[in-house]
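The structure under discussion appears below in the form of structure tokens.
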Amino acid sequence: MPELVGNTLAGLLTLAIFSFLYKDNVVYKFAEHLFVGLAAGYYVAFQYRTVFQPNLWDRLVAGDIVSFIPLALAILLFTRMLPSGQWLSRWPMGAMIGAYAGLQLIGFLQGDLIAQVQANILSVNTGSWVTNVNNFLLIVGVLTTLVYFFFSTEHKGAVGALSKAGIYFLMISFGASYGFTVMARMSLLIGRLEFLFGDWLHLL
Amino acid sequence: MDWKTRLERLDRRIIFLVIFFAVLMPLFFPLGLSITPGPEATAFHAAIEALQPGDAVYLAADYDPGSLPELQPMLEAAIEQLCKKDVRIIAGSLWPACPPLVNRAFTQIAEGRFQKVYGTDYVNLGFKEGREVVMNQLGQSIRGVYPVDSAGAPIGDMPVMSGVDSYADIKLIVNVSAGYPGTKEWVQQVRSRYSIPIVAGCTAVSAPEYFPYFQSGQLSGLLGGLAGAAEYEVLVSGSGPAAKKMDAQSLGHIVIIGFILLGNLIYFLRSREGSVA
Amino acid sequence: MIKNRTPLPASPSSAKRLALSACSGLVLFLGLAALLATSAAAAVPGLVVRDNPDDRGEAILVEWDGEAAGDSVRVERAESEAGPWVMRRALPGSAARFVDQGEGGPERGKTYFYRVNGQVLSATPTAQWWNKGRTNLFLILALYLGLIMVFLNIARKGGSLFIRKIAGLDAMEEAIGRATEMGKPVLYVPGIDDANNIQTIYSMAILNSVAKMVAQYDTELIVPLAKAFVLPLAEETVRSGYMDVGRPDSFRADNIRFLSDEQFAFTAAVNGIMLREKPAANLFLGSFFAESLVLAETGFTTGAIQIAGTANIHQLPFFVVACDYTMIGEEFFATSAYLSREPMLVGTLKGGDMMKLVIMVFLVVAAIAATMGHSEAFRSLLVIR
Amino acid sequence: MRREIPLFLTIFFGCMMVIGFFVPHPIVNEARSRVEEWTIILAAAAVVLGVANVARIHMHKISRRDRDFQYSFPLLFALFLMILLGIVPKDWITSMGFPAGGTDEGSPFDWLYNNAYVPMQGTMFALLAFYIASAAFRAFRIRTVEAALLAITAVLVMIGRVPVGGSISNWFNGLIHLDLWTLPEIQQWIMDIPNLAAKRAILIGAALGAIATSLKIILGIERSAIGGD
């Protein structure tokens, strides 16, 4: 019984969102706002259960005095809601921005920049002509695309030709992205249809 | 009005109906097209296949219901393969809306089909806020980040966690990701810093961006979207929920291609008319 | 904990002594041989046990010659030479190394004895102040920081730094010109991200230039916004653009509109503007997500000239097929730097450009070297540990 | 003080992360670990702050009787209901006869997640399938060589990535008795070579940009991010 009620609610809400395809309407707007509220409430409850309770509260109760520092910073964050005293919220904001900037710096450096440059050190003399051609194309593709994103010189003459090749590589990669995006969107629709006609209406 | 004008001014709701039925029909009348796994899915499967019984794996599930149809089949198939290999599964999420989906898959596959025991063979640590920070903290101490599991039970004395407290004790990270934070961040923050192999299943939208990570060896396997999930299912068990949807997927693609061609045919004919006139 | 069953000699020297005494008694000798056989492992060639380098001092590295080792290598550990021995790991000989760390791993500053297939060696884990395996990364980072600082300084002192004009800029001027001719408004959407997003910030620099052009031509400019925090920012940006060309009275604050912070409600509202007010030029410059293709499609059907620019790579394909010009990723940032001449933007862009030049040269040299069979030398420069 | 302290915190937290990468010594390592633990709590607080902001905006909307203010009622109702169900002690919920409390499986909170959150979010994303179809027909124009390349690639990838591509190729190869590259193989090659090359260059370029931005933030050169001048 609760499953039938649940599935019916889910089915009706699915149709409410789909109704937007016909045109923007009251039912859609209601469902949309309901969703935003649900999601926001869900996030707060989860932050409470999974972060504040185990990682802050339990530690404070257990006598971990150092945990007062993040507690104080977290409280300062909420001064943003006050008409005055907003500047205090910049303390925790500053700390957070700094921490993420630091971690992202390391991440992009080791994960993207260095590792990707290293992976493109390729030979065009490997004994297999297919690999040679492919490696050659990888080298040329990376270089010409980088030339396209080089702004310190006019794109004329030889540089212009290289950057033109770069744009062709870019367009092929955008075509690939387009194809994959179509795939993603179709999958999501299939998922909903399977729910509507299978789980809810039991027609499949 | 000639046919070209009529098509040009076509109400988009008619286009909506066409795609709706194109995707729906194969769900009722499957075509049964065969699926051949590609190199990325094969490598994903092989990376898990190389594990030894008793090894610990970190299952990083970073998505939400918005990508459920693409990613849930990957998670389920991965849990199935991990159960078959008798490895310990430690699951965690950086997306708040994910832990219930992980629970669902565990209940269905690990508990339902393989009679695995929660706390002994697998654990769902649940959600933790902090994105990249959490990824790094797990390299210090998993228990420090997750004193309790998703239901609030202390993980310290669970048998599944015995001998495991950081990446040093983990053999492989299996990531299922719908965006930020996800595969890209696991590669950036964890792959080389803690020298631990990662396999990733991701939405089709982000997959093309991750091919360089696969070629460079930063990812040991890659599943892209529903097609990737279907290929992996074929490798794990011969079939599965994703594989069953591939017919609908095929027809959807064909209709989109048809739309692009038809739209440009009209455009081409129009521009010829223009140059003649 | 798995205790070892076979009482093997505790060190090489005592092994010799035992072996000597074994020679004197055949029975003892046979017994020892039998014990060695049951442990199913031969001595491990090239065995080294040492502190694992470049770490916080909680790991010991056990290495051996992987090609010469037998099928199985058993690593056991004890806190004294006499035991008791704790089994740490059994590995195939080809593994060539084992790092004893993690749960149950060694403690910093304590000396440990490792028995590897009977052979005993000792080591003490210590912490290091510098990770030598990452010095290469540090140097690359320092080089890049140096380049940025140099160009930032030049830009701040007003030195001339060349940035090529992005073709999209001409297209933008042309689009605004046409809107003026047709007497129709220009639509500028600075993405749907918040005010602290880097793309929104860059988009404001372009918006300022667009406002100047529009003010000169006396054309209407509509700026729909998806985040309330961007509203004051956008208002100020457009107002100052109108002021700069001496037309503050033409500025209309009600054309800078905060519509909705729900993605698709916002999209529907912008579609409404496009269909009702029929702008002749649509500029989509900033951080866009799934709404990109809906906006570009509607704009396309109204026949507007469309210019797009975003660093959100996933959305670029949809802009490319439906817009007249698309600024791809960094091109968008470069346009912003070109228009604003802001030293911070220009200096950073030039620093990045020089780093790109370094990378391109490196890749060409490395490809030639790799083709001649020297790829490892270049690859090892970039190995991260 | 108003500017210096946030700037100091930015620099301190940022540099801690970078130094922690290069210096493995436990003194630095422990400090970095502490800083990370605090950041987890701050990040969680920031999410709550964001939600508080949404709630405030909608309360304002109602009090000012803004356009469409009626819709703020279901939003606020759902928001407070979810918070309440999620954070009241678990035994309160179970004592009312529900199988579980809190955010656990089987709780009312979980039921709402499964039967309202999941279908609505899933459907929101499914709408995009319709939009992409409409855009493919009405706004995908091959006007330049670049667009032509994009279109050809897109078509090859779309067809080669799904089973029907393999079926077509097999049928065609059988028809002409040749062993030409199949559509899945062509698709694979596109993904592995030209797509990969361009995506790699984009990764490198984007990494340079991100590193520059981060460097400027943690060295206190770029201050706009923390709201200072």
Side-chain angles (χ1 to χ4, degrees), chain A residues 6 9-10 13-14 17 29 33-38 40-45 47-49 51 56 70 74 77 87 90-92 94-99 101-106 108 112-113 116 134 137-138 141-142 145-146 149 169-176 178-179 185-186 188-189 192, chain D residues 2 6 9-10 13-14 17-18 21 38-39 41-42 44-45 47-49 51 54 71 74-75 78-79 82-83 86-87 103 115-117 119-120 122-123 125-126 128-130 132 146 149-150 153-154 157-158 193-195 197-201 203-205 207 210-211 214 217-218 225-227:
Chain A
L9 176 68
L13 288 172
T14 301
I17 303 282
K29 279 196 186 129
H33 283 77
L34 192 69
F35 171 69
V36 173
L38 276 177
Y42 178 95
Y43 288 168
V44 172
Q47 302 293 355
Y48 170 77
R49 286 269 174 211
V51 181
L56 183 64
L77 199 60
W87 59 277
R90 284 187 189 164
W91 294 21
M96 239 186 325
I97 288 167
L103 280 183
Q104 279 166 4
L105 167 75
I106 295 300
F108 277 102
D112 285 0
L113 185 65
Q116 290 302 315
N134 284 344
L137 284 172
L138 279 177
V142 171
T145 310
L146 282 174
F149 290 123
F169 275 96
L170 276 171
M171 287 302 148
I172 293 176
S173 92
F174 291 159
Y178 189 102
R185 304 306 185 219
M186 288 304 137
L188 302 182
L189 175 59
R192 285 331 287 163
Chain D
R2 289 193 174 203
L9 284 169
T10 306
F13 271 61
M17 298 297 166
V18 177
F21 179 74
W38 299 347
T39 311
I41 291 162
L42 284 182
V47 173
V48 176
L49 178 68
V51 171
V54 169
Y71 299 110
L75 188 151
L79 195 158
M82 284 304 262
I83 295 180
I87 71 175
T103 57
N115 297 307
Y117 188 119
M120 282 199 283
T123 315
F125 279 83
L128 296 169
F130 296 100
I132 217 168
E146 284 88 351
L149 266 176
L150 194 159
T153 317
V157 167
M158 269 188 266
I193 307 298
N195 164 65
K199 289 277 158 43
R200 173 164 285 159
L203 277 182
I204 292 171
I211 294 168
S214 300
I217 289 174
I218 65 169
I226 52 168

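Naming: A, B, ... by sequence-line order, numbering from 1 per chain.
- Contacts with chain D were tallied for A/A176, A/A74, A/A99; A/A99 has the most, counting heavy-atom pairs under 4.5 Å.
- In this structure the side chain of A/L188 never reaches within 4.5 angstrom of the side chain of D/L128, judged on heavy atoms.
- Proximity of A/Y43 to D/M82: side-chain heavy atoms (C-beta onward) are nowhere separated by under 4.5 Å.
- Interface remark: A/F149 contributes side-chain atoms only to the contact with chain D (heavy atom separation under 4.5 Å).
- Ranked by non-hydrogen atom pairs under 4.5 Å with chain A, the options D/S214, D/G205, D/G86, D/P194 are led by D/S214.
- Distance CZ/A/R90 to OG1/D/T10: 10.5 Å, rounded to 0.5 Å.
- In this structure, CG on D/N115 lies 9.0 Å from CG on A/L13, to the nearest 0.5 angstrom.
- Each of A/T145, A/L77, A/L56, A/I106 has some count of heavy-atom pairs under 4.5 Å with chain D, and the biggest count is that of A/I106.
- Interface summary for chain A: among D/L150, D/V157, D/I218, the most heavy-atom pairs under 4.5 angstrom belong to D/L150.
- Taking chain A as the reference chain and counting heavy-atom pairs below 4.5 Å, the highest number among D/T153, D/V47, D/L149 is found for D/T153.
- For the options A/L170, A/L137, A/V51, A/L138, heavy-atom pairs under 4.5 Å to chain D are most numerous at A/L138.
- Heavy-atom pairs under 4.5 Å with chain A were tallied for D/I132, D/L203, D/L42, D/T103; the largest tally goes to D/L42.
- Note: D/Y117 and A/F35 have perpendicular aromatic rings, judged against thresholds of 30 and 60 degrees for the angle between ring planes.
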Point to revise | A/L189/D/F130 under side-chain contact (heavy atoms from CB on, under 4.5 Å): CA gap, chis, key distance, verdict | key: CA-CA 8 Å; A/L189 175 59; D/F130 296 100; 3.7 Å; yes

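- In terms of heavy-atom pairs under 4.5 Å with chain D, the best-connected choice from A/L34, A/L103, A/N134 is A/N134.
- With D/P119 as the fixed residue, the side-chain contact (heavy atoms from CB on, under 4.5 Å) test singles out one of A/T14, A/I17, A/L9: A/T14.
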Practice item. Please report the C-alpha distance between A/L38 and D/M120 in whole Å, then the side-chain angles of each, then the deciding distance to 0.1 Å, and finally whether the side-chain contact (heavy atoms from CB on, under 4.5 Å) criterion is met. Key: CA-CA 10 Å; A/L38 276 177; D/M120 282 199 283; 3.8 Å; yes

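- Separation of atoms CD1 (D/I204) and CD (A/Q116) is listed at 6.5 Å; rounding is to 0.5 Å.
- Of the inter-residue distances, the one linking D/I211 atom CD1 with A/Q104 atom CD reads 11.0 Å to the nearest 0.5 angstrom.
- Counting heavy-atom pairs under 4.5 Å between each of D/G122, D/A116, D/A201, D/A210 and chain A puts D/A201 at the top.
- Distance check, rounded to the nearest 0.5 Å: CG of D/N195 to CD1 of A/I172 gives 9.0 Å.
- Interface residue A/Y48: only side-chain heavy atoms are found under 4.5 Å from chain D.
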Check your understanding: Going through the distances and angles, do D/M158 and A/Y178 end up as a side-chain contact (heavy atoms from CB on, under 4.5 Å)?
Key -> CA-CA 8 Å; D/M158 269 188 266; A/Y178 189 102; 4.0 Å; yes

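- Here the closest non-hydrogen pair linking A/F169 and D/A197 is CD2-CB, 4.3 Å.
- Listed here is the closest heavy atom pair of D/A126 and A/R192: CB-CG, 3.6 Å.
- Of all the heavy atoms in D/A129 and A/R185, the pair that sits closest is CB-O, 3.4 Å.
- Heavy-atom pairs under 4.5 Å with chain A were tallied for D/I193, D/T39, D/V18; the largest tally goes to D/I193.
- Within the 4.5 angstrom heavy-atom criterion, atoms from both the backbone and the side chain of D/Y71 approach chain A.
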